[in-house]
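Just below is one structure, and these are the notes that go with it.
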Amino acid sequence: MKTNLSSPLVADWLCRGRTLPLSQRVHVMGILNVTPDSFSDGGSFFDRSAAVDRALQMVEEGADIIDIGGESTRPGAGDVAPAEELERVVPVVEAVAAATGVAISIDTTKALVAKAALDAGAVIVNDISALRFDPAMAEVVASSGAGVVLMHMQGRPRTMQSNPTYTDVVEDVAAELSGWAGRALDAGIVGEQIVLDPGIGFGKTREHNLLLLKSLDRLTRLGYPVLVGASRKSFIGTTLDLPVGERVEGSAAVVAWAAAQGAAIVRVHDVRHMVRVVRMIDAIRKA
Ligand code: HH2
C-alpha cells in the first residue's frame with residue numbers, strides 16, 4: 001500500500017487492473033447526470049451528444065473520474081426502470097470511453113446497469129446504497145475487480161429527508177459504513193477496491209451534514225479512502241441562503257475543508273474551479 005506522510009491512511013485505488021493514485025493527490029470526480037430531473041443540472045445533459053461534450057469538457061478541466069448517472073437520487077425522486085436507465089447511460093459510457101482514457105464511474109444501485117456500464121468501459125461502480133439495494137451488485141463488483149464507492153444513506157431517496165434520526169450521527173455513520181465494507185469483503189471484494197462516502201444529504205439534516213464534515217477524520221480513520229459529495233447541495237443553500245446556481249463558493253469551502261481533513265476524492269459539478277481548490281490544498285499538504 002502506497003501512502004504519503006501528510007495523509008498516511010490514503011491508499012491508492014484498484015479499479016479493474018488500473019490504479020488511481022489517491023495517495024499522491026486529491027482526485028476530482030466530475031458529475032455527469034444524464035437525467036431530465038437532477039436537482040442542479042437536470043435536463044442539461046439529457047441529450048446524448050451534450051452529455052459526451054460535457055464529459056470531455058470536464059476531462060479538459062482536470063477531472064480524474066467522470067461519474068455517469070441515469071437516475072436522479074434527489075429527495076423525493078421516483079424510480080427509473082432498468083431498461084430506461086441502461087438506455088440513458090450505456091451509450092454515453094461507450095462514447096466517453098472511446099474518446100478519452102479518463103476513469104469512468106457508473107452511478108447506479110442496479111447490478112444490471114453496473115454490469116452493462118462496466119462492459120462498455122467503466123471501471124468504478126458508485127453505489128449510493130453501498131451494495132444493499134440489489135443483491136446481485138456485490139458479485140458484479142467482485143467478479144469485475146471494479147473500484148466501488150460505498151455511500152451511507154438512511155432510508156430510501158423517496159422518503160430519506162422526512163425525519164432522519166441518529167443517536168450520534170458521526171458514530172452511527174462510521175459504524176454502518178464499517179459494517180457494509182465488511183460485507184463487501186465477505187463477498188470477495190478486496191479492500192483496495194473500496195472507497196467510503198458519508199452520503200452528504202442522504203437521510204441527513206443540515207446539522208447532520210455539518211457534523212459529518214466537521215468530524216470527517218473519524219471516517220478517514222476507518223482505513224479506506226473517503227469520497228465527499230457535497231457539491232451545490234441544499235445544506236449549502238440553507239447555510240448561505242442561496243439558490244442552487246449560486247453555490248459555487250460554498251461548494252469550494254466544503255471541498256477545501258474535506259480535502260484538508262483527508263478526503264481522497266471530491267464529487268463535484270464545477271470541475272474547473274474545484275480542481276484549482278484541491279491543487280492548492282495538495283500544495284499546502286506537500287510543503
Ligand atoms: N450525491 C448524489 C448522487 N450520487 N454519489 C456519491 N458517491 N456521493 C454523493 O454524495 C452523491 C452520489 C446527488 O447529487 P447529484 O448527482 O448532483 O444529483 P441527482 O441525484 O439529483 O442526480
Side-chain angles (χ1 to χ4, degrees), residues 13 15 27-46 51 54-55 58 63 65-80 85 88-89 92 103-110 113-114 117 122 124-133 137 141 146-154 156-158 160-161 173 177 180-181 184 194-204 208-209 212-213 216 219 224-237 244-245 247-248 250-251 254-255 258 263-271 274:
W13 195 11
C15 305
H27 278 48
V28 172
M29 173 185 269
I31 301 169
L32 186 62
N33 287 318
V34 192
T35 58
D37 58 348
S38 287
F39 80 93
S40 93
D41 55 0
S44 307
F45 310 112
F46 197 42
R54 176 63 188 145
M58 289 193 285
I65 302 162
I66 302 295
D67 187 39
I68 301 177
E71 176 173 38
S72 173
T73 49
R74 79 189 143 72
D79 294 337
V80 175
E85 195 179 327
R88 290 180 185 179
V89 295
V92 177
I104 297 171
S105 151
I106 177 71
D107 185 348
T108 188
T109 58
K110 300 183 182 83
V113 175
I124 296 162
V125 176
N126 174 23
D127 184 350
I128 61 159
S129 80
L131 312 177
R132 296 174 305 131
F133 286 0
M137 189 62 120
V141 174
V148 64
V149 181
L150 303 179
M151 196 198 78
H152 184 273
M153 169 167 34
Q154 185 179 85
R156 293 220 162 219
R158 194 186 289 277
M160 64 190 178
Q161 289 307 104
V173 167
L177 281 178
W180 298 339
I194 297 175
V195 164
L196 303 181
D197 179 340
I200 298 297
F202 285 83
K204 279 130 196 145
H208 292 145
N209 293 321
L212 282 165
L213 289 167
L216 201 63
L219 301 185
Y224 299 94
V226 168
L227 181 153
V228 171
S231 185
R232 300 184 187 169
K233 284 186 178 169
S234 69
F235 79 108
I236 296 173
V244 74
R247 296 180 188 166
V248 67
S251 300
V254 179
V255 163
I265 306 166
V266 290
R267 182 180 180 278
V268 302
H269 299 90
D270 304 288
V271 170
M274 301 310 155

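By convention here, the first residue in the shown sequence is residue 1. Every number for a ligand or one of its atoms is a count from 1 in the order of the listing.
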What protein heavy atom sits nearest [atom], and how far off is it?
atom: atom 18 (O) of ligand 1; result: F39 CD2, 3.2 Å
atom: atom 4 (N) of ligand 1; result: D107 OD2, 3.0 Å
atom: atom 21 (O) of ligand 1; result: S72 OG, 2.8 Å
atom: atom 20 (O) of ligand 1; result: T73 OG1, 2.5 Å

Minimum-distance pair of heavy atoms, taken over all atoms of [X] and [Y]:
X: V148; Y: V141; result: CB-CG1, 3.8 Å
X: A181; Y: L196; result: CB-CD2, 4.2 Å
X: E85; Y: D107; result: OE2-O, 4.2 Å
X: E71; Y: K110; result: OE1-NZ, 3.2 Å

Would you kindly specify which portion of [X] sits under 4.0 Å from ligand 1, judged on non-hydrogen atoms: side chain, backbone, both or neither?
X: D197; result: side chain
X: D67; result: neither
X: M151; result: side chain
X: V228; result: neither

Inset, instruction - Counting heavy atoms only, name the option from M29, R267, H269 that's nearest to atom 3 (C) of ligand 1. - result: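 Checking each option, the heavy atom nearest atom 3 (C) of ligand 1 is found in R267.
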Legend entry - Option with minimal heavy-atom separation from atom 19 (P) of ligand 1, where the choices are S38, P157, G199: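 Nearest option to atom 19 (P) of ligand 1, by heavy atoms: S38.
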Inset, instruction - Could you tell me whether the side chain of R74 and the main chain of F39 form a donor-acceptor pair under 3.5 Å? - result: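 Between the backbone of F39 and the side chain of R74 there is no qualifying donor-acceptor contact (under 3.5 Å).
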Legend entry - CA sep, side-chain torsions, deciding dist, call: L227, M151, side-chain contact (heavy atoms from CB on, under 4.5 Å): CA-CA 9 Å; L227 181 153; M151 196 198 78; over 6 Å; no
Legend entry - Qualifying residue, where the test is side-chain contact (heavy atoms from CB on, under 4.5 Å) with V228 and the options are D197, L216, V268: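 One option only clears the test, and that one is L216.
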Legend entry - Matching residue for I106 among I124, D127, V113, N126 - test: side-chain contact (heavy atoms from CB on, under 4.5 Å):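 When I124, D127, V113, N126 are each tested with I106, the side-chain contact (heavy atoms from CB on, under 4.5 Å) holds only for V113.
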Which of the numbered atoms in ligand 1 are under 4.0 angstrom from any heavy atom belonging to [X]?
X: I128; answer: 4 (N), 5 (N), 12 (C)
X: N33; answer: 15 (P), 16 (O), 17 (O), 18 (O), 22 (O)
X: V149; answer: 7 (N)

Legend entry - Test of proximity, N126 against ligand 1: N or O pairs below 3.5 Å: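 Yes, N126 has an N/O under 3.5 Å of an N/O on ligand 1.
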Legend entry - Nitrogen or oxygen of E71 less than 3.5 angstrom from that of ligand 1: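 No, E71 has no N/O under 3.5 Å of an N/O on ligand 1.
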Legend entry - Approximate separation, where rounding is to 0.5 Å, of T73 OG1 and D79 CG: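 Between atom OG1 of T73 and atom CG of D79 there are 11.5 Å.
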Inset, instruction - Look up atom CD1 in I265 and atom CD1 in I65, then write down how far apart they are to the nearest 0.5 Å. - result: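 Taking CD1 in I265 and CD1 in I65, the distance rounds to 4.5 Å.
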Legend entry - With H269, the side-chain hydrogen bond (donor to acceptor under 3.5 Å, both in side chains) member among S40, S44, S251: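 Only match with H269 under side-chain hydrogen bond (donor to acceptor under 3.5 Å, both in side chains): S40.
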Inset, instruction - Work out whether the distance between some heavy atom of T35 and some atom of ligand 1 is less than 4.0 Å. - result: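 Per 4.0 Å heavy-atom rule, T35 does not contact ligand 1.
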Legend entry - K233 heavy atom under 4.0 Å from ligand 1: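 Yes; K233 lies near enough to ligand 1 that a heavy-atom distance drops under 4.0 Å.
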